[in-house]
Amino acid sequence: MSPKDAAMTIFRTKWLRVAAIGLPLALVGGGIVVAQIEGPKRGIAPIASAGDFEVTGVSVNVLGNNAFDAREKGWEEAQRIAWAALWRKTHGNAAAGLSDSTLDGIVAAIVVEQEQIGPRRYVAKLGVLFDRARAGQLLGVSGVKRRSAPLLLLPITYSAGAPTVFEQRTSWQRSWAKYRTADSNIDYVRPSGAGGESLLLNAGQSERRSRIWWRTILDQFGAADVIIPIARLERQWPGGPVIGRFSARYGSDNRFLGSFTLRAADSAGIAAMMDQAVVRMDQLLQSAFVSGRLRADASLVLEPEVIEDEELAIEAEDNGVIDGDASEPGNAGTPSLDDVVKSILPEAQNQMTPAPAVPQPRP
């Protein structure tokens with residue numbers, strides 16, 4: 001084999017080694033990029049967006065001729081209990097009883113939280129949704145209320161020290177997605193976290209201070225500002241109690257609004273703890289809004305420049321003075337442009353005309 005052929009063989013061998021190492025690395029790198037964009041199922045679309053009245057946690061325990069009859073009687077009893085609770089919450093006193101047919105007409109849905117069905121017995125914890133239009137007439141409740149500006153919701157969960165927003169589905173985000181916000185004074189803008197939202201809305205975003213960057217994000221979601229409810233989960237030991245420390249922050253400057261602490265007996269109670277925390281967080285935010293602490297940041301709102309009427313009037317007067325005729329009565333004391341030019345022209349000519357030559361004596 002000639003030296004040239006040997007050199008070519010060595011070159012081909014090295015190239016194949018590089019390709020064998022580089023190609024898997026390139027595929028792995030491409031997979032990482034795709035995983036960041038695709039990834040597992042992320043985000044939960046807002047489940048409850050209607051303005052119905054809701055009463056949750058209604059416990060029933062009834063007997064019937066069979067399982068179907070027991071369940072039907074349990075739902076009817078839940079409607080009666082929920083209507084009494086809703087009236088008491090609205091008016092502060094006991095409600096006048098309504099017939100089951102009337103309740104059937106104003107109930108929009110029954111939400112099954114927990115249920116146990118036996119051959120003749122029905123034990124359950126239910127939620128009852130009343131139609132706002134029909135139930136509101138009986139309650140005497142007006143649908144007009146003062147609400148805040150649209151606020152982007154950025155729920156952050158700290159578990160094992162790692163922050164999560166929409167990178168994966170969490171109990172904190174799920175509780176916010178199913179919370180009914182129609183009765184709140186806060187106008188929530190709840191992203192679903194699908195697609196590129198998980199890359200754009202992350203825990204690091206809450207630490208950014210750039211107004212330009214915040215305006216870009218808020219304009220995409222039609223919001224005026226941002227609220228950041230934070231949930232920190234601390235597990236005492238595997239299978240033991242879970243302590244949830246919740247805090248509310250607001251705005252691009254990450255201002256602190258308030259905090260509270262809840263406790264779950266074990267990991268199975270985290271979902272119920274999160275639901276309770278969302279209710280308390282909404283009450284905290286409403287209190288901040290009523291007290292005036294929840295105001296939209298003026299630096300995040302781009303307002304067009306407004307020209308006042310006085311400025312227009314002054315500009316019109318200036319134009320009239322320049323373009324007007326000096327012979328008019330209103331402009332009698334103002335010299336015209338021609339008069340100014342004539343007064344300057346002789347002086348300019350005198351400066352430009354050379355002096356006459358003086359005759360010199362002959363030698």
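Just so we're clear, the structure is a prediction, and the values are computed from it rather than from any experiment. Just so you know, residue 1 is the first one in the sequence shown, and it goes up from there.
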Any Lys/Arg nitrogen of Asp100 or Lys73 sitting under 4.0 Å from an Asp/Glu carboxylate oxygen of the other? no
Does CZ in Arg120 sit with more than 12 non-hydrogen atoms of other residues, nucleotides or ligands closer than 6.0 Å? no
Just jot down the ring pair (Phe, Tyr, Trp, His ring centres under 6.0 Å) partners of Tyr188, sequence neighbours excluded, or say none. Trp176
In one Ile/Leu/Val/Met/Phe/Trp/Tyr side-chain cluster, 4.5 Å: Val107, Val112: yes
Do Thr157 and Ser159 have side-chain atoms, one donor and one acceptor, less than 3.5 Å apart? no
Any chance the side chains of Asp187 and Ser148 put a donor and an acceptor closer than 3.5 Å? no
Any donor-acceptor N or O pair under 3.5 Å, side chains Asp104, Gln79: yes
Do Ser206 and Asn254 get their side chains close enough for a donor-acceptor pair, meaning under 3.5 Å? no
Could you give the distance from CD (Glu54) to NZ (Lys178), rounded to the nearest 0.5 Å? 9.5 Å
Asp69 side chain to Asn66 backbone, donor-acceptor under 3.5 Å: no
Say whether Ile110 and Val123 are linked into one hydrophobic cluster, either directly or through other cluster members, by side-chain heavy-atom distances under 4.5 angstrom. no
Pair Lys125 + Glu115: basic N to acidic O under 4.0 Å: no
Atom CZ of residue position Arg80 - does it have more than 12 heavy atoms of other residues, nucleotides or ligands inside 6.0 Å? yes
Check this for me: Arg208, atom CZ, are more than 12 non-hydrogen atoms of other residues, nucleotides or ligands nearer than 6.0 Å? yes
